[in-house]
There are 2 protein chains.
Amino acid sequence: MTVPALEAERRVAVLSDALRSSGLRLTHQRLEVAREIAGDDTHPDVESIYRHVRERVPTISLDTVYRTVAVLAELGLVGRVNATAGATRYDANLARHHHFVCTRCGLIRDIYSVSLDSVEAPEEASALGTVESVRVQLSGVCKECRRKESDRER
Amino acid sequence: MTVPALEAERRVAVLSDALRSSGLRLTHQRLEVAREIAGDDTHPDVESIYRHVRERVPTISLDTVYRTVAVLAELGLVGRVNATAGATRYDANLARHHHFVCTRCGLIRDIYSVSLDSVEAPEEASALGTVESVRVQLSGVCKECRRKESDRER
DNA sequence: GTTACTGCAAACTTTTTGCACGACA
DNA sequence: TGTCGTGCAAAAAGTTTGCAGTAAC
């Protein structure tokens, strides 16, 4: 699945500018990794980015791709699809509910909300397949992490 | 973080009944893993479940915990928090959007929807921390997987 | 010319698998 | 008693890190 060329170029420009203005070097490898992520809307993993970029830059290594996506994610230029990093986490709560996820420490808390429960799948989604569950994920920074951060600033 | 005892017991009963009625054996290990997940609302990973269960069943092995959560997830008795299994996936689309995720093949497609964009964080979430993003995750089975499934049934 | 970045290799973490023994139904 | 599940060990998959050479600024 590919992103329209114009939109992909726009995204690459955003990524390049951001790297430069952060004082980071705009290397051949970083540019090609950025180009790959920007032009692929299947939400690829590192392995897939690596395979595609290698067709254009045969000497690139897998760990450079890992480091590059880490840099881009750090700058907020690309998102990670999963709620949290690390190991898979499990949930025995089968009642309808939603999640608050702290992007710093990985805390997940269940949210019960009548208004969130009433969210319905739009046409666009039903066109892709059968929607079996609708879950709202609220991401942010929990109070504990916020407190630790302001402590550190002093 | 612990689940109220009564609710935890209810969940254990549901899990035990489901195992039995699926013709699976209700072993000591499975019961204790079920008990642990049911009583813990922090959405633990396998390592954490293992550590806690081992206090009660010192001989249990880590791979039994892996196999048990896989069985419970297969039966739909516990949920996996992450959108998809396997490697971390990246997204260069910084515009506000939502996701349709196929639980069979891991397909992720972006969903643009004005009505989903208007979903707001409830009080309950703001009480836990600063909410920075609200994303709706629609899970289900994509058309392709549905088709493959009905082919197989014939 | 510096310094940050890359590629290589090795380590580490998370998860899966094959096999023989033991326990549930 | 037969079969499914467990524990052990080893391997596979995914990710991170130290180091020496290379390229960006």
Side-chain angles (χ1 to χ4, degrees), chain A residues 15-37 43-75 77-78 80-90 106, chain B residues 15-37 43-75 77-78 80-90 106:
Chain A
L15 296 177
S16 315
D17 287 354
L19 282 174
R20 257 194 299 264
S21 63
S22 305
L24 297 169
R25 291 178 184 173
L26 187 59
T27 63
H28 184 41
Q29 291 89 336
R30 281 181 178 163
L31 188 64
E32 290 301 330
V33 169
R35 191 162 277 160
E36 184 58 35
I37 302 183
H43 310 79
D45 60 14
V46 169
E47 189 65 37
S48 161
I49 298 166
Y50 174 58
R51 274 201 314 277
H52 288 113
V53 171
R54 207 165 43 159
E55 291 172 11
R56 286 172 273 135
V57 188
T59 57
I60 198 171
S61 70
L62 182 60
D63 44 293
T64 293
V65 180
Y66 270 105
R67 283 189 261 229
T68 304
V69 295
V71 165
L72 297 177
E74 191 76 24
L75 296 173
L77 300 170
V78 303
R80 276 186 250 263
V81 170
N82 281 341
T84 54
T88 305
R89 295 169 66 169
Y90 293 86
Chain B
L15 296 177
S16 316
D17 286 354
L19 282 173
R20 256 192 301 264
S21 62
S22 306
L24 296 169
R25 291 181 183 170
L26 188 58
T27 62
H28 184 43
Q29 290 90 335
R30 281 180 177 164
L31 188 63
E32 290 301 329
V33 169
R35 191 163 279 160
E36 183 58 35
I37 302 183
H43 311 81
D45 60 15
V46 169
E47 188 65 37
S48 162
I49 298 167
Y50 174 58
R51 274 201 314 276
H52 288 114
V53 171
R54 204 162 46 157
E55 289 171 12
R56 286 172 272 136
V57 188
T59 58
I60 198 170
S61 69
L62 182 60
D63 45 292
T64 293
V65 180
Y66 270 103
R67 284 188 262 231
T68 304
V69 295
V71 165
L72 296 177
E74 192 77 23
L75 296 174
L77 300 171
V78 304
R80 275 187 249 263
V81 171
N82 280 343
T84 55
T88 305
R89 295 169 67 171
Y90 293 87

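Per chain, numbering begins at 1; letters A, B, ... match sequence-line order.
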DNA chain D contacts among residues 55-67 of chain A, heavy-atom distance under 4.0 Å: A:L62, A:D63, A:Y66, A:R67
Covered region of DNA chain C, 5' end to 3' end, by chain A [heavy atoms, under 4.0 Å]: C:dT3 to C:dT15
Atom pair CZ (B:R35) and NE2 (B:H52), whose distance is rounded to the nearest 0.5 Å: 15.5 Å
With sequence neighbours excluded, residues passing side chain to side chain donor-acceptor pair (under 3.5 Å) with B:T64: B:S61
Side-chain donor/acceptor of A:R89 to backbone N/O of B:H43, under 3.5 Å: yes
Side chain to side chain donor-acceptor pair (under 3.5 Å) partners of A:Q29, counting only residues at least two apart: none
B:V71 and B:L19, any side-chain heavy atoms less than 4.5 Å apart: yes
pair A:R80-B:Y90: side-chain heavy atoms closer than 4.5 Å: yes
Interatomic distance, A:R67 atom CZ to A:L62 atom CG [nearest 0.5 angstrom]: 10.5 Å
B:L77 side chain near B:I37 side chain, heavy-atom distance below 4.5 Å: no
Of B:Q29 and B:R25, the one whose closest DNA chain D nucleotide lies more 5': B:R25
Side chain to side chain contact (heavy atoms under 4.5 Å, CB included) between A:I60 and A:V33, intermediate numbers included: CA-CA 10 Å; A:I60 198 171; A:V33 169; 4.1 Å; yes
Side chains of A:T84 and B:N82 in contact at under 4.5 Å (non-hydrogen atoms): yes
Residue whose closest nucleotide on DNA chain C lies nearer the 5' end, B:L26 versus B:D45: B:D45
Range on DNA chain D touched by chain A, heavy atoms, distance below 4.0 Å: D:dG14 to D:dC25
Terminal axes of the helix from C:dG1-D:dC25 to C:dA25-D:dT1 (five pairs each): angle between them, nearest 10 degrees: 40°
Side-chain touch B:V46/A:T88, heavy atoms, less than 4.5 angstrom: no
Any B:E36 side-chain heavy atom under 4.5 Å of B:E32 side chain: no
Close side-chain approach of B:I49 to B:T68, heavy-atom, < 4.5 Å: no
